[in-house]
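To start, the structure under review is shown below, and the notes come after it.
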Amino acid sequence: MIDHPRIPLAGVIGSPVAHSRSPRLHMHWLHRYGIPGHYIPMDVAQNDLREILAALPKAGFVGVNVTIPHKETVLALADVVTDRAALIGAANTLIFRKDGRIHADNTDGYGFIANLRQNASDWNPTSGPAAVVGAGGAARAVVASLIEVGTPEIRLVNRTRARAEALRQEFGAKIIVHDWVQAGNMLEGCATVVNASSLGMEGKPEFRVPLDALPKGAVVTDLVYTPLRTRLLEEAADIGCKTVDGLGMLIHQAAPAFERWFGTRPDVDQATRDAVLRT
Ligand code: NAP
């Protein structure tokens, strides 16, 4: 039994995690707000997940972020799952409560919307359809949050069409699944375009879709943030669209977790971005 105050610890659990920018982000906020905590990357194999999650609170951990490949698995290991995490089918944030229970949440959808609201202040998600590329975990969070903010129609494409169809089954008739090879056609009249696939990421093929049909007033965002300016964002900016990179989403999704763990709501500003980008 520990009877003195401990240094609060948090971290990210995944495999691999060496590439994660979350340690830089949370350590920046900890220093900035004078909180004597630490945030640690932890490479954890699937077989060890249950044991590690049970042990971490005993070592002073107040919670963890969860990344690939554990985002879905942790739902079954949590005692409380928020509605949005259940809807998305994945958690990115765990809170170790004082009563010993593990609380699982998903803040990706919040981060996605907050990033657009901060960096495209004129964005109106209700003013027209959204086009979403991808049907993985991130796309599920994007689709759920777009529905929540009142987007009237979501046009969805994915390389594996069956995964997009599965999203339609789950999220309902606002989702219209389009053909992968005709992705450009779905852009006509769209207010929002989102790349929620890993295309365009360093080491992955480029995302190549003709943007001719896209209205100039559309807001285009990419969840990929390595590189920061993806080909999609460059091409959209060239035709006069407002573009928003994915780094803001990464930072915004982290803010509510930091607040729950360490008790301070952190600012999301240029200094935060600079800290994350610093090599
Ligand atoms: P995921 O569950 O593994 O899904 C990957 C998605 O990308 C699937 O739709 C997959 O299509 C598609 N894809 C992968 N390789 C492809 C290729 N060569 N051609 C066409 N489609 C391809 O991953 P995720 O968690 O959804 O993440 C997706 C992206 O979002 C990643 O780049 C991730 O880093 C980024 N992300 C960013 C943030 C942020 O805060 N900015 C948060 C979460 C994720 P199939 O279904 O056909 O395989």
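Just the heavy atoms: all of them, side chains too, but no hydrogens, waters or symmetry mates, feed the values below. Nothing fancy with the numbering, it's 1 onward along the sequence. Being a predicted model, the structure only gives us computed values, none of them experimental. One-based numbering, in listed order, for ligands and for the atoms of each.
- Which parts of ligand 1 touch W180 is read off a 4.0 Å heavy-atom cut-off, strictly below it: atoms 20 (C).
- Distance check: R97 CZ to D79 CG gives 8.0 Å after rounding to the nearest 0.5 Å.
- Taking the charged nitrogens against the carboxylate oxygens, R32 and D269 do have a contact shorter than 4.0 Å, which makes a salt bridge.
- Shown in contact with G136 at under 4.0 Å from a heavy atom are these atoms of ligand 1, numbered in order with element: 2 (O), 4 (O), 9 (O), 26 (O).
- For atom 8 (C) of ligand 1, the nearest protein heavy atom lies under 4.0 Å away.
- G14 and P69 make their closest contact through C-CD, 4.3 Å (heavy atoms, listed as atom of the first residue, atom of the second, distance).
- We find that D245 and R273 are joined by a salt bridge, their nearest charged nitrogen and carboxylate oxygen being less than 4.0 Å apart.
- The closest approach between G111 and ligand 1 stays at or above 4.0 Å for every heavy atom of the residue.
- Between the side chain of T107 and the main chain of Q253, a donor-acceptor pair closer than 3.5 Å is present.
- Residue-to-ligand polar distances keep A139 apart from ligand 1: every N/O pair is separated by 3.5 Å or more.
- Residues Q46 and T73 have side chains that bring a donor and an acceptor to within less than 3.5 angstrom of each other.
- The aromatic rings of H26 and W261 lie tilted to each other, with the angle between the two planes from 30° to 60°.
- Here F112 has no heavy atoms under 4.0 Å from ligand 1, in either its backbone or its side chain.
- By the 6.0 Å contact criterion, CD on E206 is enclosed, its count of non-hydrogen atoms from other residues, nucleotides or ligands being greater than 12.
- No hydrogens or angles considered: nothing links the side chains of H28 and R24 as a donor-acceptor pair under 3.5 Å.
- Shortest contact from atom 11 (O) of ligand 1 to any protein heavy atom: N158 OD1, 3.2 Å.
- Ranking protein heavy atoms by distance to atom 42 (C) of ligand 1, first place goes to M249 CE, 3.7 Å.
- Salt bridge status for E153 with K174: absent, with no side-chain N to carboxylate O gap under 4.0 Å.
- Under 3.5 Å, the side chains of T93 and D105 contain no donor-acceptor pair of N or O atoms.
- I68 CD1, 4.3 Å is the protein heavy atom nearest to atom 23 (O) of ligand 1.
- The atoms of ligand 1 that sit less than 4.0 Å from any heavy atom of M201 are 32 (O).
- Looking only at atom types and distance, the side chain of N92 has a donor-acceptor partner in the side chain of D108 under 3.5 Å away.
- T226 and R21 share no side-chain donor-acceptor pair at under 3.5 Å.
- Taking every heavy atom of K204 and a limit of under 4.0 angstrom, the matching atoms of ligand 1 come to 14 (C), 15 (N).
- Of all the heavy atoms of S197, the ones lying under 4.0 Å from any atom of ligand 1 are found in both the backbone and the side chain.
- Only the side chain of V224 comes within 4.0 Å of ligand 1, judged by heavy-atom distances.
- Ranking protein heavy atoms by distance to atom 19 (N) of ligand 1, first place goes to L199 CD2, 3.5 Å.
- Scanning all protein heavy atoms for the shortest distance to atom 25 (O) of ligand 1 gives A138 N, 3.8 Å.
- With a heavy-atom cut-off of 4.0 Å, L247 does not touch ligand 1 at all.
- Within the listing of ligand 1, atoms 9 (O) sit less than 4.0 angstrom from a heavy atom of G134.
- Contacts of F207 with ligand 1, taken as heavy-atom pairs under 4.0 Å, are absent altogether.
- Close approach of ligand 1 to G137 is summarised as follows: ligand atoms under 4.0 Å from at least one heavy atom of the residue are 2 (O), 26 (O).
- In this structure, atom 30 (O) of ligand 1 lies nearest to the protein heavy atom L223 CB, 3.8 Å.
- Side-chain atoms of D222 and T230 include a donor-acceptor pair closer than 3.5 Å.
- Considering only non-hydrogen protein atoms, atom 47 (O) of ligand 1 sits nearest to T160 OG1, 2.5 Å.
- Nearest to atom 17 (C) of ligand 1 among the protein's heavy atoms is R159 NH1, 3.2 Å.
- Against a heavy-atom cut-off of under 4.0 Å, A196 is close to the following atoms of ligand 1: 28 (C).
- Close approach of ligand 1 to R163 (heavy-atom distance below 4.0 Å) involves ligand atoms 8 (C), 45 (P), 46 (O), 48 (O).
- We find that R140 and E170 are joined by a salt bridge, their nearest charged nitrogen and carboxylate oxygen being less than 4.0 Å apart.
- In this structure, of S198, A166, G246, P205, the residue bringing a heavy atom nearest to atom 5 (C) of ligand 1 is S198.
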